[in-house]
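Presented below is the structure to which this report refers.
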Amino acid sequence: MLENVLEIGERPEDLVVYAARGKAARDWESYSRIVACLRALGEDETLLVQSGKPVGVFPSPPESPLVLMACGNVVGHYATPEYFDELCDRGLIMWGGLTAGDWQYIGFQGVLQGVYELLQAVGREHFAGSLAGKFVLTAGLGGMGSAQPLAMALAGARGIVVEVDPDKCVRSVERGHLGAVTDDLDVALALLGGGREGQVIGLVGNAAVVYGEIAERGVVPDVVTDLTAAHDAVFGYCPVEYSLEQWRRARLFDPKAVAEMARRSMARQVEAMLRLKASGAVVFEDGNNLRVQAASAGVAEAFTIDGFAERYLRPLFCRGIGPFRWVALSGELSDIDELDDLVGEMAFRPELESWVSLARTHVEPQGLPARSCWLGHGERSRFAVAVNELVRDGRLAGPVAFTRDHFDSGGMTHPHIGTENMADGSSAISDWPILDALLLSASGADLVAVHAGGAGYAGYMQSAGVTVVADGSEGAAVRLRRALDADSGLGVLRYADAGYKDAQSAAASAGLGLHQEQEDRQ
Ligand code: NAD
């Protein structure tokens with residue numbers, strides 16, 4: 001999994017996997033030592049990794065985790081972007097993103113289903129059930145953002161994706177996800193106007209400029225969002241004053257000035273989004289902290305724009321449904337085919353069957369074959385145990401790793417993304433992901449990680465990551481059931497505790513909670 005995230009990552013030469021600076025290991029020496037430790041590691045040992053550097057191997061019971069990680073954690077008062085950068089420069093810490101530092105990234109498919117599910121929810125809520133033919137304006141074609149064109153097409157929408165780096169546009173054309181690329185807004189709008197459903201145009205330009213021009217012209221897209229790496233004002237968002245090349249140079253020698261300019265540009269983009277919202281567009285932030293950055297540059301109304309998680313995904317999280325995924329460690333595509341069939345056979349929910357059939361047709365394999373599939377509480381463990389039986393019976397070529405994005409119901413506290421405006425005011429309390437990680441360790445997951453970071457890589461979020469491997473053994477069946485049920489169960493309880501009725505009924509029907517509560521319900 002470590003080698004896989006680098007193979008499919010954005011800048012493997014710098015150990016960067018995605019999201020501007022999300023790394024898989026602290027430095028190359030740490031990488032080599034991690035690989036050497038993993039090769040030598042016994043079943044009765046646990047390797048500790050501190051922000052991408054291996055620091056010790058301890059004896060542990062065979063059913064306990066093989067790898068435990070803490071990544072990017074700095075105590076509250078010191079958790080500022082500036083201090084974090086200083087620690088990074090001194091080689092003491094790293095930012096592991098969500099799935100880079102704990103080797104769980106599966107390429108753009110992970111966010112593809114996320115964006116697709118989100119667009120489906122937007123269609124359901126605002127457009128009588130479907131985004132078919134609707135005009136979506138967005139930006140960013142990086143590691144995560146490059147999932148947007150395909151997700152838009154799968155949802156039947158048309159749209160424009162603004163990207164400052166022409167090479168990223170070319171990559172999306174080569175993948176067959178962009179219908180055309182231009183650097184001229186008139187051409188883009190003309191192509192879109194005459195286009196068919198699913199037509200997505202790449203527009204080479206700066207989002208702050210282009211969004212402003214669109215608002216100025218009185219063109220009103222149906223949906224407006226953004227997936228530039230706005231969370232990182234130095235490396236993630238090109239200021240309007242700079243060309244791409246100038247930005248790449250300037251961020252190395254004058255990061256402070258770049259950050260200030262980038263925040264001003266983000267403010268300009270958000271002001272345009274607010275104007276488009278006032279004109280009737282459905283506008284939301286897609287979890288990249290764009291509103292935080294714009295607000296810090298003086299856009300007081302930035303938070304009148306909805307956050308995607310609170311507005312559209314929370315009802316799913318209340319049922320423990322979120323970005324679950326699995327990876328065929330054999331490398332054989334036939335294993336993923338078999339598991340796709342199994343999703344259909346187990347008949348979880350019709351929407352999952354349609355997602356899997358779309359993914360089968362449209363998702364190009366990246367690295368080890370993988371499938372993202374938003375299973376919920378109870379569904380995850382049932383599926384994983386069934387897969388473990390397929391491994392045991394030799395129907396798959398090798399073991400299967402089960403994992404999820406940290407942005408999941410129990411896995412993350414992020415007061416501007418996953419846990420924004422929690423009903424009981426608990427948005428910033430990070431006890432939950434820490435409890436999740438502790439519980440996952442106690443449940444025998446194979447890898448457990450506690451990450452922190454967020455905007456500018458400090459202070460904004462805390463999350464837990466998990467990987468459990470189905471190797472066909474009886475022990476694996478027990479650990480898969482325990483760990484996956486614990487993880488999604490804690491997520492349901494977190495929302496139930498905050499007062500969400502959907503989560504309270506999900507908890508009741510799954511028998512989650514304290515003994516007394518379970519008895520009272522019987
Ligand atoms: P990335 O760094 O790989 O890509 C960012 C892209 O934005 C780059 O291609 C860059 O050239 C482009 N860009 C930068 N400034 C621009 C500007 N002013 N105008 C137009 N294009 C510009 O980052 P990524 O991996 O694609 O992640 C994007 C964001 O998504 C991050 O902030 C990340 O934290 C967030 N994210 C969201 C979710 C979710 O569930 N919604 C999940 C993971 C990550």
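Read the numbers this way: they start at 1 and go in the same order the structure lists the ligands and their atoms. This chain uses plain numbering: 1 for the first residue, then up along the sequence. Just so it is clear, the values below take in all heavy atoms, side chains as well, and ignore hydrogens, waters and symmetry mates.
- Ligand-side atoms of ligand 1 in range of Gly287: 35 (C), 37 (C), range being under 4.0 angstrom from any heavy atom.
- Remark: ligand 1 atoms within the under-4.0 Å shell around heavy atoms of Tyr237 are 14 (C), 15 (N), 18 (N).
- Closest heavy-atom approach to atom 2 (O) of ligand 1 among the candidates Gly143, Ala20, Ala100: Ala20.
- For ligand 1, the atoms lying closer than 4.0 Å to a non-hydrogen atom of Gly236 are 14 (C), 15 (N).
- Other residues, nucleotides and ligands contribute over 12 non-hydrogen atoms within 6.0 Å of the CD atom of Glu125.
- Looking from atom 34 (O) of ligand 1 to the surrounding protein, the closest heavy atom is His231 ND1, 3.3 Å.
- Nearest-residue assignment for atom 25 (O) of ligand 1 (options Ala19, Ala208, Ala207; heavy-atom criterion): Ala19.
- At a 4.0 Å heavy-atom cut-off, ligand 1 touches Phe308 through the side chain alone.
- Using a 30° and 60° split on the angle between ring planes, His451 and His406 fall in the tilted class, from 30° to 60°.
- Listed by chain and number, the residues in a side-chain contact (heavy atoms from CB on, under 4.5 Å) with Arg217 are Leu185, Asp186, Leu189, Glu213, Val219 (sequence neighbours excluded).
- Of the protein's heavy atoms, Glu163 OE1, 3.6 Å lies nearest to atom 8 (C) of ligand 1.
- Remark: ligand 1 atoms within the under-4.0 Å shell around heavy atoms of Gly145 are 26 (O).
- In this pair, Tyr460 and His414 present their aromatic rings tilted. The plane angle is within the 30 to 60° band.
- The distance from ligand 1 to the heavy atoms of Gly205 drops below 4.0 Å at these ligand atoms: 19 (N), 20 (C).
- In this structure, the side-chain contact (heavy atoms from CB on, under 4.5 Å) partners of Glu216, at least two apart in sequence or on a different chain, are Arg275.
- Between atom 29 (C) of ligand 1 and the options Asp286, Thr228, Thr138, the minimum heavy-atom separation is to Thr228.
- Near Gly142, meaning under 4.0 Å from one of its heavy atoms, ligand 1 places the atoms 1 (P), 3 (O), 4 (O), 6 (C), 9 (O), 26 (O).
- Given atom 28 (C) of ligand 1, the protein heavy atom at minimum distance is Leu227 O, 3.3 Å.
- Under the 30°/60° scheme for interplanar angles, the aromatic rings of Tyr78 and Tyr83 are found to be tilted.
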